[in-house]
Amino acid sequence: NAGVTQTPKFRVLKTGQSMTLLCAQDMNHEYMYWYRQDPGMGLRLIHYSVGEGTTAKGEVPDGYNVSRLKKQNFLLGLESAAPSQTSVYFCASRSGGSYNEQFFGPGTRLTVL
Amino acid sequence: EDKVVQSPLSLVVHEGDTVTLNCSYEVTNFRSLLWYKQEKKAPTFLFMLTSSGIEKKSGRLSSILDKKELSSILNITATQTGDSAIYLCAVVGGTSYGKLTFGQGTILTVHP
């Protein structure tokens with residue numbers, strides 16, 4: 001049982017390049033989330049999904065797109081990376097119900113030059 | 001818009017000290033408040049507090065929810081160097097599909 005995994009762990013991009021971050025969970029969780037963490041700002045929600053085939057915008061969605069084609073995977077895409085997207089990205093998942101905690105992946109450190 | 005504020009933002013103590021971390025919130029239809037500990041990587045879950053469970057304890061860590069004051073505290077007694085981490089507070093509102101709104105975090109450093 002691997003829990004929540006993220007690929008890649010580190011990445012350096014040049015401005016304007018694109019990339020996709022992959023999140024996978026093996027706990028059969030309905031809900032999945034993408035957050036970014038910047039110094040002094042805690043974690044902020046980018047996009048989330050309440051089930052396979054569904055996605056919704058979070059607090060800071062601009063410049064990102066997501067897809068949830070399979071229940072176990074949640075992809076975060078950057079179409080044209082900008083230095084402001086330099087951050088640590090965390091994926092999380094949880095089971096259905098109102099009072100369940102989220103389980104986090106190990107994070108991806110992204111630097112955009 | 002839901003909002004969470006933590007204080008202090010950073011704290012330096014010596015082993016054996018007791019610390020209290022604060023979290024205040026504004027949220028529509030409050031459902032739960034969660035505390036996470038973040039060391040080098042992913043946040044790990046500590047406690048969840050709800051209207052029906054306003055006090056939790058695990059070893060040297062304990063947490064209380066004050067729904068009247070819209071706040072929570074996390075206490076750590078007899079601190080150890082392994083307690084050094086970022087402590088994150090987050091809330092879940094009723095219309096948010098379980099989305100967490102996080103505070104800025106408190107950086108705790110415990111010196112030997």
Side-chain angles (χ1 to χ4, degrees), chain A residues 2-10 23-25 27 29-51 54-61 66 68 74 87-109, chain B residues 1-10 21-25 27-54 56 58 63 65 85-107:
Chain A
V4 180
T5 59
Q6 292 183 232
T7 310
K9 291 184 171 51
F10 304 93
C23 175
Q25 51 94 6
M27 297 174 282
H29 284 169
E30 290 295 328
Y31 298 83
M32 296 187 75
Y33 308 83
W34 275 108
Y35 294 91
R36 60 178 288 173
Q37 185 175 33
D38 302 297
M41 300 188 75
L43 279 78
R44 293 181 291 168
L45 182 67
I46 305 171
H47 286 281
Y48 64 100
S49 169
V50 301
T54 74
T55 63
K57 293 181 180 179
E59 184 185 349
V60 288
V66 288
R68 183 109 181 259
F74 195 28
S87 189
V88 180
Y89 292 85
F90 288 100
C91 175
S93 72
R94 71 175 185 92
S95 59
S98 303
Y99 300 101
N100 300 322
E101 78 266 23
Q102 293 184 17
F103 294 86
F104 283 82
T108 295
R109 184 173 293 276
Chain B
E1 185 179 320
D2 298 345
K3 187 176 177 183
V4 178
V5 177
Q6 293 185 243
S7 64
L9 294 181
S10 66
L21 310 182
N22 300 285
C23 175
S24 62
Y25 61 89
V27 63
T28 304
N29 296 325
F30 171 87
R31 290 206 168 196
S32 58
L33 184 146
L34 294 86
W35 284 98
Y36 283 85
K37 177 182 181 181
Q38 185 179 23
E39 296 176 86
K40 296 199 174 179
K41 292 188 176 179
T44 54
F45 174 75
L46 292 175
F47 298 119
M48 178 184 291
L49 303 164
T50 67
S51 299
S52 57
I54 62 170
K56 293 285 176 74
S58 177
S63 184
L65 176 69
I86 301 173
Y87 289 85
L88 297 164
C89 173
V91 294
V92 179
T95 59
S96 56
Y97 293 106
K99 293 181 298 178
L100 293 174
T101 300
F102 282 88
Q104 322 94 302
T106 293
I107 302 172

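Reminder, nothing fancy here: chain letters follow the sequence lines and each chain counts from 1. Quick caveat: nothing in here was measured; it's all calculated off a predicted structure.
Atom OG in B:Ser51 sits 7.0 Å away from atom CG in B:Leu65 (nearest 0.5 Å). Here CD of A:Gln25 is found 8.0 Å from SG of A:Cys91. Values are rounded to the nearest 0.5 Å.
In this structure A:Ser87 satisfies the side-chain hydrogen bond (donor to acceptor under 3.5 Å, both in side chains) test together with A:Asp38, sequence neighbours excluded. Under the side-chain hydrogen bond (donor to acceptor under 3.5 Å, both in side chains) criterion, B:Gln104 pairs with no residue, sequence neighbours left out.
For a residue to count as touching a neighbouring chain, one of its non-hydrogen atoms must lie under 4.5 Å from one of that chain's; by this rule B:Gln38 touches chain A with the side chain only. At a 4.5 Å heavy-atom cutoff, the contact between A:Gln37 and chain B is made by side-chain atoms alone. For B:Leu9, no part lies near chain A; criterion is any non-hydrogen pair under 4.5 Å. Contacts of A:Leu45 with chain B are made by side-chain atoms alone, with heavy-atom separations under 4.5 Å and no backbone atom involved.
The greatest number of non-hydrogen atom pairs below 4.5 Å with chain A, out of B:Ala90, B:Gly103, B:Pro43, is found for B:Pro43.
Applying side chain to side chain contact (heavy atoms under 4.5 Å, CB included) to A:Cys23 and the options A:Phe90, A:Tyr33, A:Tyr89, A:Trp34 leaves one that passes, A:Trp34.
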